Asks: 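One structure, as structure tokens, below. Some questions next.
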Amino acid sequence: MRNKLFVLMSLLVMASMLLTACGQQPATQAAPTAAASTAASESAAEPTKAPEAAAPVSAVEFKNPDTITYITGAGEPETLDPAWTYETAGSTTELNIYEGLTFFKREKTDEFIPALATDWKTSDDGLTWTFNIRKGVKFHEGGTLEPHDVAYTAQRAFLQGRIDGWQWIVYEAFYGPDMAMAGIKDFAAAFSAPAGAKEPPKFETLKPEQLVKVCEDVKTKIVADDDAGTVTYHFKQPVPWMLALTSQQFLGGILDKEWMAENGDWDGDCKTWTKYADPSAENTILFKKANGTGPYKLDHWTPGEEIVLTANENYWRTEPMWEGGPSGVASIKRVVIKNVDEWGTRLSMLQAGDADEIYTPPQYRKELEPFAKQTCGTDESSCKDDKADGFLTYFRKLPMPAITPGQFNWQMNVEGGNPYIGSGKLDGNGIPANFFSDIHIRKAFSACFDYDAMVKDALAGEGVQAQGPIPQGMMGYLKDQAPLNKFDTATCEAEFKKADLDGDGKAAGEDDDDIWSKGFYMQIAYNTGNDTRRMAAEILKAGIESVNPKFTVAVLAMPWPVLLESRRQGKLPIYVGGWVEDYHDPHNWVNPFLYSQGAYGRIVNMTADYKKKYDDIIISGAKANGVEARTPIYESIQKMAQEDAVDIWMYQQMEGFPFQSWIKGFYFNPAYGNPEYGWIYSLSKVAPK
Amino acid sequence: MSSMLSFIIRRLLILPLLLIAVTILIFSMLSMLTPYERVSLYVKDIPKRQGAMEGLIKKYGLDDPVPVQYWRWMAGTKNPDTGEIEGGVLRGNLGWSKTGKGTVWEVIGRRLPATAELALWTAIPMIGIGIYLGVVSAVNHNKLLDQILRVFSIVGWSIPVFVFGLIVLLFFYAKLGWFPPGRLSDWASQVVQSSQFIRYTNMNSIDALLNGRLDIFRDAVRHLVLPVITLAYLDWAYLLRVTRSSMLDTLNQDYMTTARAKGLSENKVIRRHALPNALIPVVTVGALMLIGLLNGVVITETIFNIPGMGSFLAESAISLDVISVLGITMFNCLILLVGNLIVDILYGVIDPRIRLR
Amino acid sequence: MDVVRRLLKNPTSLLGIILLLGFVFVAIAAPVIAPPAKSSRNVYLIPRDGFGNQPKPPNEKHIMGTTEGQYDILYGVVWGTRTAFRVGIVITLITTLIGLIIGSLAGFYGGWVDEVLMRITEVFLVFPFLLAAITLTSVLQTVYGRGEANFLVVLAKGLALLTFGQSPAKDLDPIQIQILTGMLAIIVFGWMTYARVIRGNILSVKEYEYALAARLIGASDMRILFRHLLPNAVFPVLVLASMDIGSYVLTFAALSFLGLGAQRGYADWGQMISFARSWIPSLGQYWFIVVYPGLAIILFVLAWNLVGDALRDVLDPRMRGRGND
């Protein structure tokens, strides 16, 4: 009997599933029960329902008129605290909730419009900036914006200074490059070091009065005057990229001081700041809460599920941001951001109309072509009609400032053995530690990389060959000049033959003991799971191995922990890895790649003469004031970096965003982090006719 | 009954020892990694400044000796500012899950209902169909129907989950628009999160019924159809085999021959005598499969975008999030032991002949 | 011989045997069916024709087409047969061996030996298999990625020797590391069922007359264990294990899905089918990347299962159904 019962039950289940499936418009037919309909406030909680659409025009059903749904695929934020966030998923979400003193002018990355400041001025030496703060702006939770809130925000972020955070950017601005430490504890220690001391004291040994002094000194750098309605910043050296900082979380993301203190965060007292210094992500009150002035409020964030934002009904902006720009309360009332890892699932959601935009890595962009109703460039004015039965407005080939080089390690660490360079000798089974100090080897590698195959195959056309550290469209990029290094196996072979690795003054081509006759073995690493970088490594391998059968390169998928560790130790001969900018300025490109203490320059570890050459010119570029003075400096850095073949300047990746065609108003501003949802305020959702 | 009681007590006494052994196993596995490798959990990108990794290692105490770290996890740490002891498994605190962005308990509380709901709905068709077909197969032993069913079940079982899952998703969702992924439509999730809706179990379909919201129920079930089909299709094959062989075993027993000799019809013999006996091992296997489902089903959850235990588990393990791995394992230990206990007790109730040990 | 005859008479088991023989043939004839390039460093690396992501349909050069990354499908399917056999058989051998040792010791000696061994087994059992396997694989890949010598490397070299008949000369070959880590993880967390089943079988067989009789005439422990108990207790486990050989391909497919499978481009069916993952939305166009490796997996699993099933049915009816403990 029992099994009959089971079968009966399972049949029932199946039947009920089929029944539910057949209701084609389930979303709209909320069948209110007696109990539910008596609840007076029911209607308030009930979301807007989709209109009973007549026969749909396009194949994709128009759903949720006031809601925009983003399906991301690159992970969710670490936290929503702007002072902590140093990754794009978080900072992009925050851009909709918090505002800075200024903001980017539409698609421009170097022109700014007032936001929470009404206007500003700089001193002649470029060291002092004064902002007039807008009056009458309300925070989401009801507080009023005052100048001290602005100063508090910057001071809090400065002193929170978690290790591995972005604060080194402001440390550098206020105290100079030598003080650009990894976190506030290192900063405080260096700040308190007695003059002439070789080693800074340990943070733990600092006395309370020393700690108070750190905070008080920071407060002299960022000064609010509530009566005058101004905030003033005092820098150590000119900061040409200042307005980018005030537009992003670095000096933006303005918080309400009183509300913060009420909710248990730092109250601005110099005696207590250490309690809030270097927190874990979850240990700041803004981890899952938010209170900004922006066009959207945080409704909730359920980690692993969704982030939901709702329109700020009291948004202060009444004038259009720019000509034809948005004003008033946001047009789209609700924003849902979900992370879905599986590409097939994301695509299905787009096809079903449940997603308004999905994350599309370059290798999948071709798959969406059949659905493109319109294909566009950087904004709607460039749209061209595509497939008549398509349903997407497909923005493609958007030049993202993100450069991926193959980074050489000029002087590899061989202490304790280095498995990545084989025998470590010039015997055909390895490479010597100073392999890449030889400019001919670097040039040979640069000529053996098939840039076109990279762009065409690996990036499916969504990219260009990189020219140097500075990306397209930025000051310092050499317009109208093709990249210096080209794929050419003949050049590659010639350069290998010119190398002299055994240092006997004879070129390898005529030397039986050198690289060309002996051959070599080495490994190229990429981080497991990154398909684009994997392909870059594979293309490099194929190029090198094609010029000489004695050359062997192994491509190695490296788990993240190993990669971090072997890089830190300086053991990897070549690492394929890219940089995404912090703020939009060439300094943020040449510094990480080429400066001897930069994030990547440290590991590239050039020889001393090159280090000095690049450090000097990079510092001079940062100190120069004004575009006219700076442009030639960066142009010459760009040229040098190619001539010296510091890295293999592989490619600059491009972005592509498939929007449902009922989403209007998108333009591409690369400074937003994830531009597709960086400024949702300018978007609207229009029902198809 | 007293033997049953002593059995239960014995199991409960062993539990803590087992838990300690399991956690030590995990810790020793992870102690193969250097602090620099373990800190990678906290570093999402190449560190921008020198000293960042060292600072993080110090911050999370990753360079302490492994026993010290183990003890810290067991007993908690003292907060230097407040002097309070924070965390500690012995105090019921499983710690903070970096992967799940919440305390381990919170994350389990958030994710288990999704998985439990899926398991619950999967169990009914899976067990029903599996057992029914198993019996059919056994009764028709070596006839054509038996062969077909077996081949069919093995074919089903050997299709990789993601292939099957993506195909049904593509067809029933992208093409036909019937069954969406996720747990609820956006409108429904707004209702569920509103204050009018009381969340008793966090299992949407059940809460919807308890709240008398048939529309929400329908929406929740709509979202469950595809993952349930995927899971059930993969697992009923196994149950079919178990039922089949158990049934064959029983049918060949002496008392069956006796029953037949008494002149009972074959149908009656099967229903009255064979089935109850044959189902005993099936109960165990079925229960264990159900418990297995509670652990989460990584691939099904990924494809149908269900934020359940499976994806949490996979993510924690891949990113080497020690605390989460430990937490999930502890939790798994508990449900497994309780589940086994229940199965064992059930066993004793069904079949008193079985010796408990 | 009677067993064989009965196997051959049953149509399903006959089908299973034919399929298995077919796979054995493909595995042996791999260098003829899909000859590797002369310059290839490792024959298990699938040759590729370009770097493009988009799969290409069957053509003269690539009879089964190329999959994501332009890997030749025919080559992968053919050499993948070898991988499937090697990996499956090695894992099965080692896990049953471990299970055999622990299970028979526990079952035979009983008492505290049994208690301790079964608790250890339980410790491994409460660790959810997937969590355990993923954690161990990630740890091992990290340890091996470091390239330093330690006991784990020795272990992996031994496993490589057993699986591939050769141990890499210098350091561990990065190409083999990943398939070895997966194997190790499956072995470490895969022996428990066998141990339990063997223990259960020994417990019941111990009661049989011949064991008692042997004990009465004063045979030694070891003798009883090896001559009387094991042969009668082990066979059902081997049947059970044979059916699992096919399923390891599926476990590797799952590991590949999570990014922990074999090194990319390694001839492994599980990985080949996971290449299809991103292209299923356009399955009509790219059917070949699913169908060929998918068919290989299904038939392989089917073959082992049919044979195992039939063995179970054919052998002593007493054995039937015991596999499920």
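Treat the numbers as computed from the prediction; the structure is a model and nothing was measured. Each chain gets a letter, A, B and so on, in the order the sequences are listed, and its residues count up from 1.
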Asks: A:Lys571 and A:Glu565: salt bridge (Lys or Arg N to Asp or Glu O under 4.0 Å), yes or no, with the steps?
Replies: CA-CA 9 Å; A:Lys571 287 192 168 173; A:Glu565 167 69 338; over 6 Å; no

Asks: So for B:Ile216, is it side chain, backbone, both, or neither that comes closer than 4.5 Å to the heavy atoms of chain A?
Replies: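 Neither; nothing under 4.5 Å.
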
Asks: Ring centres of B:Tyr173 and B:Trp178 under 6.0 Å apart?
Replies: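 No; B:Trp178 has its ring centre 6.0 Å or more from that of B:Tyr173.
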
Asks: For chain A, which of B:Ile46, B:Val39, B:Thr243, B:Thr302 has the most heavy-atom pairs under 4.5 Å?
Replies: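 Highest number of pairs under 4.5 Å: B:Ile46.
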
Asks: If you tally heavy-atom pairs under 4.5 Å against chain B, which of A:Glu282, A:Lys338, A:Glu305, A:Glu342 wins?
Replies: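 The candidate making the most pairs under 4.5 Å is A:Glu282.
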
Asks: Measure A:Arg346 against the heavy atoms of chain B and call it side chain, backbone, both or neither at under 4.5 Å.
Replies: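 The answer is neither part of A:Arg346.
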
Asks: Taking A:Tyr86, A:Trp166, A:Tyr600 one by one, which has the highest count of heavy-atom pairs under 4.5 Å against chain B?
Replies: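 The candidate making the most pairs under 4.5 Å is A:Tyr86.
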
Asks: Does NZ or CZ of B:Arg213 come closer than 6.0 Å to the centre of the six-membered ring of B:Phe197, within 45° of the ring's axis?
Replies: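 Checked: cation-pi criterion not met.
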
Asks: Is B:Pro47 close to chain A through its backbone or its side chain, or both, or neither, when contacts mean heavy atoms under 4.5 Å?
Replies: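 Both parts, backbone and side chain.
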
Asks: Relative to chain B, which of A:Glu76, A:His300, A:Glu78, A:Gln597 shows the most heavy atom pairs under 4.5 Å?
Replies: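 Maximum pair count with chain B is reached by A:Glu78.
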
Asks: At a heavy-atom distance under 4.5 Å, which candidate from B:Lys44, B:Lys59, B:Glu37, B:Arg38 has the highest pair count against chain A?
Replies: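 Ranked by heavy-atom pairs under 4.5 Å with chain A, first place is B:Lys59.
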
Asks: Is the distance between the ring centroids of A:Trp301 and A:Phe287 under 6.0 Å?
Replies: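 Yes - the distance between ring centres of A:Phe287 and A:Trp301 falls below the 6.0 Å cut-off.
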
Asks: Which one of A:Pro592, A:Gly304, A:Gly577, A:Gly598 has the most heavy-atom pairs closer than 4.5 Å to chain B?
Replies: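 If we count pairs closer than 4.5 Å to chain B, A:Gly304 comes out on top.
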
Asks: Please state whether the side chain, the backbone, both or neither of A:Lys185 comes within less than 4.5 Å of a heavy atom of chain B.
Replies: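 Answer is neither: A:Lys185 stays 4.5 Å or more from chain B.
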
Asks: Side chain, backbone, both or neither: which part of A:Thr67 has a non-hydrogen atom closer than 4.5 Å to chain B?
Replies: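 For A:Thr67, the side chain is the part near chain B, not the backbone.
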
Asks: Flag the one option from B:Val43, B:Leu170, B:Leu33, B:Leu41 with the top tally of heavy-atom pairs under 4.5 Å to chain A.
Replies: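 Heavy-atom pairs under 4.5 Å are most numerous for B:Val43.
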
Asks: Which bit of A:Glu306 is near chain B, if near means a heavy-atom gap under 4.5 Å: side chain, backbone, both or neither?
Replies: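 The answer is the side chain of A:Glu306.
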
Asks: Under 4.5 Å, counting heavy-atom pairs only, tell me which of A:Ser348, A:Gly344, A:Ala599, A:Gly75 racks up the most with chain B.
Replies: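 Answer, by heavy-atom pair count under 4.5 Å with chain B: A:Ser348.
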
Asks: Let me know if B:Arg111 has heavy atoms under 4.5 Å from chain A in its side chain, its backbone, both or neither.
Replies: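 It is the side chain, since no backbone atom gets that close.
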
Asks: To the nearest 0.5 Å, tell me how far A:Arg334 CZ sits from A:Thr310 OG1.
Replies: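 So the gap between those two atoms works out to 8.0 Å.
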
Asks: Counting N and O atoms only, with roles assigned by atom type, does the side chain of B:Ser205 sit under 3.5 Å from a partner on the main chain of B:Phe217, one being a donor and the other an acceptor?
Replies: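 Side chain of B:Ser205 to backbone of B:Phe217, a donor-acceptor pair under 3.5 Å: no, none is there.
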
Asks: Heavy-atom distance under 4.5 Å to chain A: side chain of B:Leu56, backbone, both or neither?
Replies: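 Backbone plus side chain of B:Leu56, per the 4.5 Å heavy-atom cut-off to chain A.
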
Asks: Take B:Met53 and B:Lys58 through the test side-chain contact (heavy atoms from CB on, under 4.5 Å) and record every step on the way to the result.
Replies: CA-CA 9 Å; B:Met53 279 168 84; B:Lys58 217 168 85 192; over 6 Å; no

Asks: Stepwise, does the side-chain contact (heavy atoms from CB on, under 4.5 Å) test hold for A:Ile337 with A:Val335?
Replies: CA-CA 7 Å; A:Ile337 303 168; A:Val335 179; 3.9 Å; yes

Asks: So, A:Arg567 and A:Tyr575: side-chain donor and acceptor under 3.5 Å apart, yes or no?
Replies: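 Judged by distance alone, the side chains do not pair up.
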
Asks: Please rank A:Thr79, A:Asp354, A:Val562 by heavy-atom pairs under 4.5 Å with chain B and give me the top one.
Replies: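 Heavy-atom pair counts peak at A:Asp354.
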
Asks: Evaluate salt bridge (Lys or Arg N to Asp or Glu O under 4.0 Å) for A:Asp164 paired with B:Lys48, printing each intermediate quantity in order.
Replies: CA-CA 7 Å; A:Asp164 207 21; B:Lys48 305 278 161 74; over 6 Å; no

Asks: Hey, can you tell me if B:Tyr42 and B:Tyr60 have their rings parallel, tilted or perpendicular (30° and 60° cut-offs)?
Replies: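 Ring orientation, 0 to 90° scale: parallel.
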
Asks: Considering only heavy atoms, which portion of A:Asn339 lies under 4.5 Å from any heavy atom of chain B: side chain, backbone, both, or neither?
Replies: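 Backbone only.
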
Asks: Check each atom of A:Met181 against the heavy atoms of chain B and say whether the ones under 4.5 Å are side chain, backbone, both or neither.
Replies: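 For A:Met181, the backbone is the part near chain B, not the side chain.
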
Asks: To the nearest 0.5 Å, what is the distance between CG on B:Leu112 and CD on B:Glu117?
Replies: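 If we round to the nearest 0.5 Å, B:Leu112:CG and B:Glu117:CD are 11.0 Å apart.
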
